[in-house]
Undergrad: 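Starting off with a structure, shown below.
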Amino acid sequence: MSATPNAAPPPVLSSPAWSGDTSFLLYQIVLKDFRIRYRNMSLGIFWSVLNPMVMIVLLTFIFTQVFVNHTPKYPLVILTGLIPYNFFALAWSTATTSLTDNSTLFKRIPIRCEMIPVGVVLANIMHLVVQLGLLVVIGLFYGVYPNWHWLWLFLLWGLELICIMGLGLASAALHVVLRDIRYIVESANTVLFWLVPIFYTFAMVPDRFKELYQFNPVSALVLASRLVILEHRHPPETLLWKLALVSAFSFVAGLAIFRKLQSRFYSYL
Amino acid sequence: MPPILASVENLTVRFHPHRQTLLLRQRIRNVFTARDGGSFLALDNVSFSAAAGEGIAILGQNGAGKSTLLSVLAGVLKPDGGVVRVGGRVGALLELGAGFHPDLTGRENLTLYAALLGLGRREIAERFDSILEFSELGGFIGEPVKNYSAGMRLRLAFSVAIHVDAPIVMVDEVLAVGDAAFTHKCIERVKLLRKEGRLLLYVTHATAGLDAVCNRAIWLHRGRLIQDGPVNEVAAAYNSFMADPERRFCDPASRNAPTVS
């Protein structure tokens, strides 16, 4: 027989489970995603700026020259709508395919798979930071300066992140079982582009739909961002409560769906 | 008596191959045709236990349930029946392509893989040089892994896996792609790990010289445990079974031998 270590007490046997540094692993997953996204772009981070710039020019042309409207600081209005929408759409769609794209990471190692879609959503924050930088620059150009109300943005974006994580957990898990989900998510994002006040303002929305709009987490964020950035006002309490409610529901439901489907990942990937 | 590091009792895993229809139209069609695709047992009532310092070869033809067994022990697959118990941190299940992203460099993949196996920032920093040295990858560590050969990927994965303090080391048919020198080095290291009191579970098809690595072997056939005993005995029985062109069952120890078509 082979040599035996005598010093150590006999190990306690338990069901196989992962143990290690969870926060470091999550950091590595985010870092990996970020590296892969920007390594193959020769212009790197510039692409994060280019897309909203093109959209601003395009939408400003159409809605000041073709359909004439006289909303003041119109490019800034577009940008405050576009940034939350872009973040939401990109984070949700990349989270949806995250489990199928990264199956090698967890197929043979029993890590908490929730980390994969959550990490992908977090990796999109870099993109967001760059676009918010663009917002500040364009804001300065229009004479809009940061003020204390901007601190509300952290809370708003925090709630939005929780909401997207919930949606991403649910859609990622469903996408493992049913590979059509990504197309449904893409279509939902297209619909959302028109339903979120990006190139129009909340004031233009008919009164009977206003209540409903506030329950759409992306619209709520756009609305609150515009109040904070363009009107120097704090977001109304009811709006915050609605956003918090929707985000909490999304996260809890997303996690529940994820946990329910998790046992099937092994045989479906 | 060395302590037990892994035990499985009445382990059963059932697969449903036809349920894995991945597109909506297939799902809808299945609802209307209402056919159950059937299922098979990937593991059928398997029981054994393994002690520290043992080296156990897992033998069996393709589809016998070897990788399924390791997946259950690694904790990535929940069994449909039976009990699995392991001691300590779950081990790395080494197989080709595990945990690596082709666009990341060897160094980045090393860190990610080590983090996946449970190492923290400080542990990785402490062990980095030792991992790199064992892998002999040298300057290639800065290259993207997509430019690596299968052997180089094995070097990286194996080097990380042996630097994780897991009491159970699982190797699934990977050593075959390494060159002779590295394979020899891996085998020497694996013996050392056994001496340290770790448990080696080794899936392989190469039975020649297996007794240098393992003391014991388990033979699986269609999910059932056919034989569990000293490595040379089990390997001999397995080899004579595989040599038989009709694969008739020739193991007297098994009372309810499966009918082999």
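In what follows, chains are A, B, ... by sequence order, proteins preceding strands, each numbered from 1.
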Undergrad: Relative to chain B, which segment of A/Tyr27 carries a heavy atom at a distance below 4.5 Å: side chain, backbone, both, or neither?
TA: side chain
Undergrad: B/Lys66 and side chain to side chain contact (heavy atoms under 4.5 Å, CB included): which partner among B/Ile218, B/Ile58, B/Asp172, B/Leu43?
TA: B/Ile58
Undergrad: Given a strict heavy-atom distance threshold of 4.5 Å, which part of A/Leu25 is in contact with chain B: side chain, backbone, both, or neither?
TA: both
Undergrad: Measuring heavy-atom distances to chain A, does B/Leu112 have an atom under 4.5 Å in its side chain, in its backbone, in both, or in neither?
TA: both
Undergrad: By a 4.5 Å heavy-atom criterion (distance strictly below it), what part of B/Val72 contacts chain A: side chain, backbone, both, or neither?
TA: backbone
Undergrad: Applying the side chain to side chain contact (heavy atoms under 4.5 Å, CB included) test to A/Pro52, which of A/Val130, A/Leu135, A/Leu79 qualifies?
TA: A/Leu79
Undergrad: By a 4.5 Å heavy-atom criterion (distance strictly below it), what part of B/Thr105 contacts chain A: side chain, backbone, both, or neither?
TA: both
Undergrad: Under 4.5 Å between any side-chain heavy atoms of A/Gln28 and B/Thr111, yes or no?
TA: yes
Undergrad: Tell me, which pairs form a side-chain hydrogen bond (donor to acceptor under 3.5 Å, both in side chains) where one or both residues lie in residues 245-259 of chain A, sequence neighbours left out?
TA: A/Glu114-A/Arg259
Undergrad: Taking the side chain as C-beta and beyond, is there a heavy-atom pair between A/Ser15 and B/Arg85 under 4.5 Å?
TA: yes
Undergrad: Under a 4.5 Å cut-off applied to non-hydrogen side-chain atoms, are B/Phe15 and B/Ser39 in contact?
TA: no
Undergrad: Looking only at heavy atoms and a cut-off of under 4.5 Å, which of A/Ser263, A/Ser14, A/Cys113 has the most pairs with chain B?
TA: A/Ser14
Undergrad: Of the backbone (N, CA, C, O) and the side chain (C-beta and beyond), which part of B/Leu70 lies under 4.5 Å from a heavy atom of chain A, both, or neither?
TA: neither
